[in-house]
Amino acid sequence: QVQLVESGGGLVQPGGSLRLSCEASGNIFSIGPMGWYRQAPGKQRELVAGLSTTGTANYADSVKGRFTITKDSAKSTMYLEMNNLKPEDTAVYYCNAVAVGTLSGHSNYWGQGTQVIVSS
């Protein structure tokens, strides 16, 4: 009933910027905490940035000052603005949200992931 779709990934050079988007669709009653995760080759999936229902953002130490998580409720979309990208930011990025569907109930949802490659 609820789906999350990421977009905006791609190949960028070090120091460049990207903005990832995550659009929620379906019969959504409400959306709770949200976040962006990433998984690099050979590494475990890690939380990059989280956004609480009150609008409080939290970031991994490795991205503080460079990444910004935001949402546009009117568009049912969450964003991750990434600046001053580094090669170590290379990973598949996933959006995540707790949502209550009008039919499916309360669940934790994941997007399919979008690839970010930072290389010169």
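FYI, the numbering just counts along the sequence from 1. Keep in mind that the numbers below use all heavy atoms, side chains included, and drop hydrogens, waters and symmetry copies.
For the pair Pro87/Pro14, a side-chain contact is recorded, criterion being any heavy-atom separation below 4.5 Å from C-beta on.
When the side chains of ILVMFWY residues are joined at heavy-atom separations under 4.5 Å, either directly or via intervening members, Tyr79 and Leu4 end up in two distinct hydrophobic clusters. When hydrophobic clusters are built by joining Ile, Leu, Val, Met, Phe, Trp and Tyr residues whose side-chain heavy atoms come closer than 4.5 Å, directly or via intermediates, Val116 is grouped together with Met78. Each of Tyr109 and Tyr37 belongs to its own hydrophobic cluster when Ile, Leu, Val, Met, Phe, Trp and Tyr are linked at side-chain heavy-atom distances under 4.5 angstrom. A continuous path of Ile, Leu, Val, Met, Phe, Trp and Tyr side chains, each step under 4.5 Å between heavy atoms, connects Leu47 with Tyr94, placing both in one hydrophobic cluster. Under a hydrophobic-cluster definition in which Ile, Leu, Val, Met, Phe, Trp and Tyr are linked whenever side-chain heavy atoms come within less than 4.5 Å, directly or via other members, Val48 and Ile117 are assigned to different clusters.
For the residue pair Arg38 and Ala91, the shortest heavy atom distance occurs at CB-CB, 3.8 Å. In terms of heavy atoms, Tyr59 sits closest to Ala49 at CD2-CB, 3.5 Å. Closest approach of Asn27 to Leu103, counting heavy atoms only: ND2-CD1, 4.4 Å. When every heavy atom of Ala24 is checked against every heavy atom of Ile31, the shortest pair comes out as CB-CD1, 4.0 Å. When all heavy atoms of Ser17 and Asn83 are compared, the closest pair comes out as OG-OD1, 3.0 Å. Contact between Tyr93 and Glu6 at its shortest, heavy atoms only, is O-OE2, 3.8 Å.
Atom CG of Leu80 sits about 12.0 Å away from atom CE of Met34, to the nearest 0.5 Å. One finds the CD atom of Glu88 at 11.5 Å from the NZ atom of Lys43 (value rounded to the nearest 0.5 Å). The NE2 atom of His106 sits 7.5 Å away from atom OG of Ser30, with the distance rounded to the nearest 0.5 Å. From Ser120, atom OG reaches atom CG of Leu11 across 10.0 Å, with rounding to the nearest 0.5 Å. Once rounded to the nearest 0.5 Å, the distance linking OG of Ser62 with CD of Glu46 reads 5.5 Å. Interatomic distance, CG of Leu20 versus CD1 of Ile69, reported as 10.5 Å (0.5 Å rounding).
Atom CD of Gln44 has 12 or fewer neighbouring heavy atoms from other residues, nucleotides or ligands inside a 6.0 Å radius. No more than 12 heavy atoms of other residues, nucleotides or ligands sit less than 6.0 Å from atom CD of Gln3. Counted within 6.0 Å of CD on Gln13, heavy atoms from surrounding residues, nucleotides or ligands total 12 or fewer; the atom is thus considered open.
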### Message
Using ring pair (Phe, Tyr, Trp, His ring centres under 6.0 Å), reason through Trp36 and Phe67 one step at a time and then give a plain yes or no.
### Response
CA-CA 11 Å; Trp36 286 95; Phe67 290 12; 10.0 Å; no
* Test side chain to side chain contact (heavy atoms under 4.5 Å, CB included) on Leu18 and Leu85 and set out the steps. => CA-CA 8 Å; Leu18 282 176; Leu85 285 161; 4.2 Å; yes
- Item | Test log, rule side chain to side chain contact (heavy atoms under 4.5 Å, CB included), inputs Met82 and Arg19 | CA-CA 6 Å; Met82 305 185 294; Arg19 186 179 75 166; over 6 Å; no
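For residues 106-120, the set of pairs meeting the salt bridge (charged side-chain N to carboxylate O under 4.0 Å, His left out) definition, not counting sequence neighbours, is empty.
Between the Ser52 side chain and the Thr54 main chain, a donor and an acceptor come within less than 3.5 Å of each other. Distance alone, capped at 3.5 Å, places no donor-acceptor pair between the Asn108 side chain and the Asn96 backbone. Not a single donor-acceptor pair under 3.5 Å links the side chain of Thr114 to the backbone N or O of Ser7. Proximity of a side-chain donor or acceptor of Thr77 to a complementary backbone N or O of Lys75 within less than 3.5 Å is detected.
Contact check on Asp89 versus Lys86 returns no salt bridge, with no Lys/Arg side-chain nitrogen under 4.0 Å from an Asp/Glu carboxylate oxygen.
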